[in-house]
S.K.: 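I am attaching a structure below and will ask some questions about it afterwards.
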Amino acid sequence: MKYKSTRNRELRVSAAQAIMQGLSEDGGLFVPEVFPEIEMEDIECLAQKPYTERAIEILSLFLTDFSDEQLVSCVENAYTEKKFGSDSIIRVEELREGVNMLELWHGPTCAFKDMALQLLPHLLTTSAEILGNKKEIVILVATSGDTGKAALAGFQNVPGTRIAVFYPEDGVSPMQKRQMTTQEGENVSVCAIKGNFDDAQSAVKQIFTDQALREKMNANEKMFSSANSINWGRLVPQIVYYIAAYAQLIADHVIQPGDAVNICVPTGNFGNILAAYYAKKMGVPVNRFICASNQNHVLTDFIRTGTYDKNRVFHATISPSMDILISSNLERLLFDLYEEDDASVRALYDALARDGKFTVSEGVKKKLQTLFWGDYCDDDATQATIRTVFEEEAYLCDTHTAVGIYAAERYQEETQDDTQMLIASTANPYKFAASVLGAVYDDVPKDEYMQIEMLSRLSGLPVPEGLAELKDKPVRFTRSIEKDAIENEVISILGLA
């Protein structure tokens, strides 16, 4: 299995090279040259196996330069009962008849990013071993909240690596900020920026394509890689959990093999929903993808109109991990919908860089709208959804999952489509305690740990150990910089000045 760039379909690199490099030198994203197909009989077999075996079988189709022993080691070290609280790793819970929640947040940092970022360090170090790389791998991360902590936890003290995380100073929840700024480890750095996630993501992508800086890194035996979902090693584990979830629905006798499902995903950077789309390409029978957005509804507008336009007011919401106007992984979908016409993809992203917007062809727009349905809600609707679901279903969800539930309900109301619905639940509600508590209780204390205690009393849900212990951890990282100073900060952190 080789990988090509969305901006150069003639390029070919191995899986190990794609994972270690993160981003193609032309600024494009790596995609498989072909998508392996899995038969329904194979999915039925997966339904009888534990999550680790499901993951190994699916990953082996993409990571063909990894030996069986290497792949087993990566997976079994990443997905342990100690880290995820159960050997099931994911949970599929019924919300109501015909609607199931795919809970992806039972890992060590209480967010769906753990599903990929517990595995990525093992994939990355194994890739370096396969390629004979002796350089220090420097992981650069732009985060809207959850990726930062999950990446820090995954790469903490991993030999041969260093990680630097940049987050928007006023664009993450207090708990997300505390998770990052108290991070332990000798090889980690965390820095706030005076800007939003898009500013951080754009700066990181620019660093990856800076030839002069790359040469300086080479001279100092270092190389950049990414833990954002632009890295194929981040995306491929996400494909796994959608296939595994379909297998679980079979195992739980919710569906029969071959039954179609709809999948609803709250998303900002488009990686999580793209993984579901790739699962469909491989053989999972998905009828429709519901793309759920918050008040920064650039993706909703794109699906409805065919025009992607980031020239709009940026909103800081109570679902901050979705506060994104430049959805990086959309490029991978467009490459596919344009039937791998890299010239068209380059033209679209040249227009986005130049004008802040682009419009797809009528043919691509039609394909997009056949596959995807988009909707969004503001903060008031998000909190109302949290309250209603808690009161009616006794299910407590976070501020991102609530956006997904809202969009799924709107889709069902508008289309009368009663296909079995699977909604991605992306974070533990305690990560956004103030907003969640405010939705179900009128008097919210200011202290975040009092909020957590009150939420626990109301819901009966245990407080995750990883969040409870933050109270007594010292803050290590307090630095905040202007958004245009990120590259200089990286140079300083690495001692390259």
S.K.: Taking side-chain hydrogen bond (donor to acceptor under 3.5 Å, both in side chains) as the criterion, tell me which of Thr399, Thr382, Asn294 meets it with Ser319.
M.R.: Asn294

S.K.: Are any non-hydrogen side-chain atoms of Met101 and Val92 less than 4.5 angstrom apart?
M.R.: no

S.K.: Counting only heavy atoms not in Met450 (residues, nucleotides, ligands), do more than 12 fall under 6.0 Å from its CE?
M.R.: no

S.K.: Quick one: does Gln420's side chain get under 4.5 Å of Asp259's, heavy atoms only?
M.R.: no

S.K.: Check for a donor-acceptor pair, side chain of Thr401 on one end and backbone N or O of Ser425 on the other, with a separation under 3.5 Å.
M.R.: no

S.K.: In chain order, what residues pass the side-chain contact (heavy atoms from CB on, under 4.5 Å) check against Ala244, with sequence neighbours excluded?
M.R.: Tyr51, Arg54, Ile90

S.K.: What distance do Asp309 atom CG and Leu325 atom CG have between them, rounded to the nearest 0.5 Å?
M.R.: 9.5 Å

S.K.: Would you please test His106 and Lys83 for side-chain contact (heavy atoms from CB on, under 4.5 Å) and show each step?
M.R.: CA-CA 8 Å; His106 291 277; Lys83 291 177 180 178; over 6 Å; no

S.K.: Side chain of Gln201, backbone of Ile326: donor and acceptor closer than 3.5 Å?
M.R.: yes

S.K.: Measuring only between side-chain heavy atoms, which start at C-beta, is Ile58 closer than 4.5 Å to Leu46?
M.R.: yes

S.K.: Tell me, please, which residues at least two apart from Arg304 pass salt bridge (Lys or Arg N to Asp or Glu O under 4.0 Å).
M.R.: Asp375

S.K.: With Glu393, which residues qualify under salt bridge (Lys or Arg N to Asp or Glu O under 4.0 Å), at least two apart?
M.R.: Arg96

S.K.: Charged N to carboxylate O under 4.0 angstrom, Lys177 versus Glu169?
M.R.: no

S.K.: List the residues meeting side-chain contact (heavy atoms from CB on, under 4.5 Å) with Asn196, not counting sequence neighbours, and say none if there are none.
M.R.: Asp198, Asp199, Phe314

S.K.: Minimum heavy-atom separation for Ala200 and Ile486, please, with both atom names.
M.R.: CA-CD1, 3.9 Å

S.K.: Does Trp373 have any ring-ring contact (aromatic ring centres under 6.0 Å, His included) partners at least two apart in sequence or in another chain, and if so, which?
M.R.: Tyr411

S.K.: More than 12 heavy atoms of other residues, nucleotides or ligands under 6.0 Å from NZ of Lys367: yes or no?
M.R.: yes

S.K.: Rounded to the nearest 0.5 Å, how far does OG1 of Thr267 lie from CD1 of Ile290?
M.R.: 13.5 Å

S.K.: When you measure from the side chain of Asp378 to the backbone N and O of Asp380, does any donor-acceptor pair fall under 3.5 Å?
M.R.: yes

S.K.: Does a side-chain heavy-atom distance below 4.5 Å link Arg234 with Lys113?
M.R.: yes

S.K.: How about Lys49: does its NZ atom have over 12 heavy atoms from other parts shown lying under 6.0 Å from it?
M.R.: yes

S.K.: How far apart are the closest heavy atoms of Ser293 and Thr300, and which atoms are they?
M.R.: OG-OG1, 3.4 Å

S.K.: Taking only residues two or more places apart in sequence, or in another chain, which ones meet His297 in a ring-ring contact (aromatic ring centres under 6.0 Å, His included)?
M.R.: Tyr376

S.K.: With side chains defined as the heavy atoms from C-beta onward, is the minimum distance between Lys471 and Glu448 less than 4.5 Å?
M.R.: no

S.K.: Does any N or O in the side chain of Asp379 come within less than 3.5 Å of the main-chain N or O of Ile318, such that one atom is a donor and the other an acceptor?
M.R.: yes

S.K.: Are Tyr167 and Phe197 near enough that their ring centres are under 6.0 Å apart?
M.R.: no

S.K.: Once you round to the nearest 0.5 Å, how far does CD of Glu482 lie from CD1 of Ile193?
M.R.: 9.5 Å

S.K.: Salt bridge or not between Asp301 and Arg312? Use side-chain N to carboxylate O under 4.0 Å.
M.R.: yes

S.K.: Pairs of donor and acceptor atoms involving the side chains of residues 271-281, under 3.5 Å and at least two apart or interchain, shall be tabulated with distances.
M.R.:
from, atom 1, to, atom 2, distance (Å)
Asn272, OD1, Tyr241, OH, 2.6
Asn272, OD1, Tyr242, OH, 2.9
Tyr277, OH, Asp336, OD2, 2.5
Lys280, NZ, Val286, O, 2.7
Lys281, NZ, Asp336, OD1, 3.2
Lys281, NZ, Asp336, OD2, 3.4

S.K.: Does the Ser86 side chain pair with the main chain of Ile89, one donor and one acceptor, at a distance under 3.5 Å?
M.R.: no

S.K.: Less than 3.5 Å apart, any donor N or O on the side chain of Ser327 or Asn269 sitting next to an acceptor on the other?
M.R.: no

S.K.: Have Gln176 and Asp146 got a donor and an acceptor in their side chains that come within less than 3.5 Å?
M.R.: yes

S.K.: For Asn296 and Asp323, indicate whether the former's side chain and the latter's backbone hold a donor-acceptor pair under 3.5 Å.
M.R.: no

S.K.: Within the side chain of Asn187, is there an N or O that forms a donor-acceptor pair under 3.5 Å with the backbone of Ile163?
M.R.: no

S.K.: Counting only N and O atoms by type, is there a donor-acceptor contact under 3.5 Å from the side chain of Asn262 to the main-chain atoms of Arg288?
M.R.: yes

S.K.: Check the side chains of Lys431 and Ser173 for a donor-acceptor pair under 3.5 angstrom, ignoring hydrogens and angles.
M.R.: no

S.K.: Using the ring centroid of each side chain, check whether Phe432 and His400 are separated by less than 6.0 Å.
M.R.: yes

S.K.: Donor-acceptor check, side chain of Asn77 to backbone of Cys74, threshold 3.5 angstrom: yes or no?
M.R.: no

S.K.: If we ignore angles and hydrogens, is there a donor and acceptor under 3.5 Å between the side chains of Asp252 and Gln248?
M.R.: yes

S.K.: Under the rule for salt bridge (Lys or Arg N to Asp or Glu O under 4.0 Å), what residues qualify as partners of Lys366, not counting sequence neighbours?
M.R.: none

S.K.: To the nearest 0.5 Å, what is the distance between OG (Ser144) and CE (Met322)?
M.R.: 9.5 Å

S.K.: Check whether more than 12 heavy atoms from other residues, nucleotides or ligands sit under 6.0 Å from atom CD of Gln369, and answer yes or no.
M.R.: yes

S.K.: Looking at CG of Asp42 and CG of Leu61, how far apart are the two atoms once the value is rounded to the nearest 0.5 Å?
M.R.: 9.0 Å

S.K.: Check ring-ring contact (aromatic ring centres under 6.0 Å, His included) between Phe62 and all other residues, then give those that pass, not counting sequence neighbours.
M.R.: Trp232

S.K.: Are the charged groups of Asp442 and Arg387 less than 4.0 angstrom apart, N to O?
M.R.: yes

S.K.: Might you point out which heavy atoms bring Ile303 and Gly374 nearest each other, and give the distance in Å?
M.R.: CG2-N, 3.9 Å

S.K.: Strictly distance-based, threshold 3.5 Å: is any side-chain N or O of Arg476 a donor or acceptor partner for the main-chain N or O of Gly185?
M.R.: yes

S.K.: Below 4.0 angstrom, N of the basic side chain to O of the carboxylate: do Arg410 and Glu414 qualify?
M.R.: no

S.K.: With Asp472, which residues qualify under salt bridge (Lys or Arg N to Asp or Glu O under 4.0 Å), at least two apart?
M.R.: none

S.K.: Testing the 3.5 Å rule here: is there a donor-acceptor pair between the side chains of Gln412 and Asp417?
M.R.: no

S.K.: Minimum heavy-atom separation for Val141 to Asn228, with atom names?
M.R.: CA-OD1, 3.4 Å

S.K.: Which distance, rounded to the nearest 0.5 Å, do you find between the CZ of Phe302 and the OG1 of Thr359?
M.R.: 9.0 Å

S.K.: How would you list, by chain and number, every residue that makes a side-chain contact (heavy atoms from CB on, under 4.5 Å) with Ser459, sequence neighbours excluded?
M.R.: Phe390, Leu396, Tyr430, Leu461

S.K.: For Lys473, check side-chain contact (heavy atoms from CB on, under 4.5 Å) against everything at least two apart and list the hits.
M.R.: Thr182, Glu184, Glu469, Leu470

